[in-house]
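Contents: one structure, followed by commentary.
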Amino acid sequence: MNRRWLLSLVVWVAGCAAVGPQPDKVVYHLSDGLQQASNGLRNINNHLEVNPNARIVVVAHARGVDFLMKDAKDANGAHYEDLVEQLRMRGVRFDVCEITLRNRKLSKDQFIADVTYVSSGVAEVTRLQQHEGYAYLKP
């Protein structure tokens, strides 16, 4: 075996070991209303329970933005804002589609604090998948 090749292999293996496993990167796509949002938030909590370093982005459009509106509650009467805040504190980002706002005649002041606005929800899902390597989940 060529010594130079062997040395290159050893350096490559050492570099891989130094980098270690990368955290999961997942985009959760929500577009179907409050029940889907409840399922998605539960899935995200479960995901973070077993992989607390996961990088998670929730992209909401159409009826999927409803849980991010002020005073929105789940079927048990819990405010979604509290659930979102807990997840946000764990690094989860919540994106709201501005096309949805325009089409539904909603304004940003109707939404809870700490959401991020993106020009298009579906374009953001595509960008995260194709350009940033995010896995796609739609609960």
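- In this structure the side chain of V96 never reaches within 4.5 angstrom of the side chain of V118, judged on heavy atoms.
- Minimum heavy-atom separation, V65 to A60: CG1-O, 3.6 Å.
- You'll find the side chain of D71 stays beyond 4.5 Å of the side chain of Y80, heavy atoms only.
- Checked by atom type and distance alone, the side chain of D74 pairs as donor or acceptor with a backbone atom of N76 at under 3.5 Å.
- Side chains of N39 and Q35: a donor on one and an acceptor on the other come within 3.5 Å.
- Pairing each heavy atom of L68 with each of F94, the nearest pair is CD2-CD2, 4.0 Å.
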Item to complete: Report the C-alpha separation of Q110 and L106 in whole Å, then their side-chain angles, then the decisive distance to 0.1 Å, and conclude whether the side-chain contact (heavy atoms from CB on, under 4.5 Å) test is met.
Response: CA-CA 7 Å; Q110 293 177 273; L106 300 171; 3.6 Å; yes

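- Applying the side-chain hydrogen bond (donor to acceptor under 3.5 Å, both in side chains) test to residues at least two apart or on different chains, the pairs with a partner in residues 120-139 are H29-Y136, S31-K138, R93-E124, E124-R127, R127-E132.
- The nearest pair of heavy atoms linking F111 to Y117 is CB-OH, 3.4 Å.
- To the nearest 0.5 Å, atoms CG (N43) and OH (Y28) are separated by 5.5 Å.
- L101 and K108 make their closest contact through CD2-CG, 3.8 Å (heavy atoms, listed as atom of the first residue, atom of the second, distance).
- When every heavy atom of I99 is checked against every heavy atom of S119, the shortest pair comes out as CG1-O, 3.2 Å.
- The minimum heavy-atom distance between C97 and H61, with the atom names listed, is CB-CB, 3.5 Å.
- By the salt bridge (Lys or Arg N to Asp or Glu O under 4.0 Å) test, D82 is found to be paired with no residue, residues two or more places apart in sequence or in another chain being considered.
- Residues D32 and L30 are not in side-chain contact: their nearest non-hydrogen atoms beyond the backbone lie 4.5 Å or more apart.
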Item to complete: Decide yes or no on side-chain contact (heavy atoms from CB on, under 4.5 Å) for V84 and I112, but give the supporting numbers first.
Response: CA-CA 9 Å; V84 168; I112 62 177; 3.7 Å; yes

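- At least one donor-acceptor pair closer than 3.5 Å links the side chain of K70 to the backbone N or O of D109.
- Residue V92 is not grouped with residue V57 when hydrophobic side chains (ILVMFWY) are merged at heavy-atom distances under 4.5 angstrom, including chains of intermediate members.
- A salt bridge links R104 with D66: the distance from a Lys NZ or Arg NE/NH1/NH2 to an Asp or Glu carboxylate oxygen falls below 4.0 Å.
- Under the 4.5 Å side-chain heavy-atom criterion for ILVMFWY residues, a single connected hydrophobic cluster contains both F67 and I56.
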Practice prompt. Starting from the C-alpha separation in whole Å, work towards a yes-or-no answer on side-chain contact (heavy atoms from CB on, under 4.5 Å) for N45 and L83.
Written response: CA-CA 10 Å; N45 268 312; L83 302 170; 5.7 Å; no

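- L48 contributes atom CG, which lies 6.5 Å from atom CG of L87 (distance to the nearest 0.5 angstrom).
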Worksheet entry | Test log, rule side-chain contact (heavy atoms from CB on, under 4.5 Å), inputs H47 and D24 | CA-CA 10 Å; H47 194 146; D24 290 347; 3.2 Å; yes

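- Between V58 and I44, some side-chain heavy-atom pair lies under the 4.5 Å cut-off.
- For the atom pair CD (E98) and CG (N103), the distance works out to 12.0 Å, reported to the nearest 0.5 Å.
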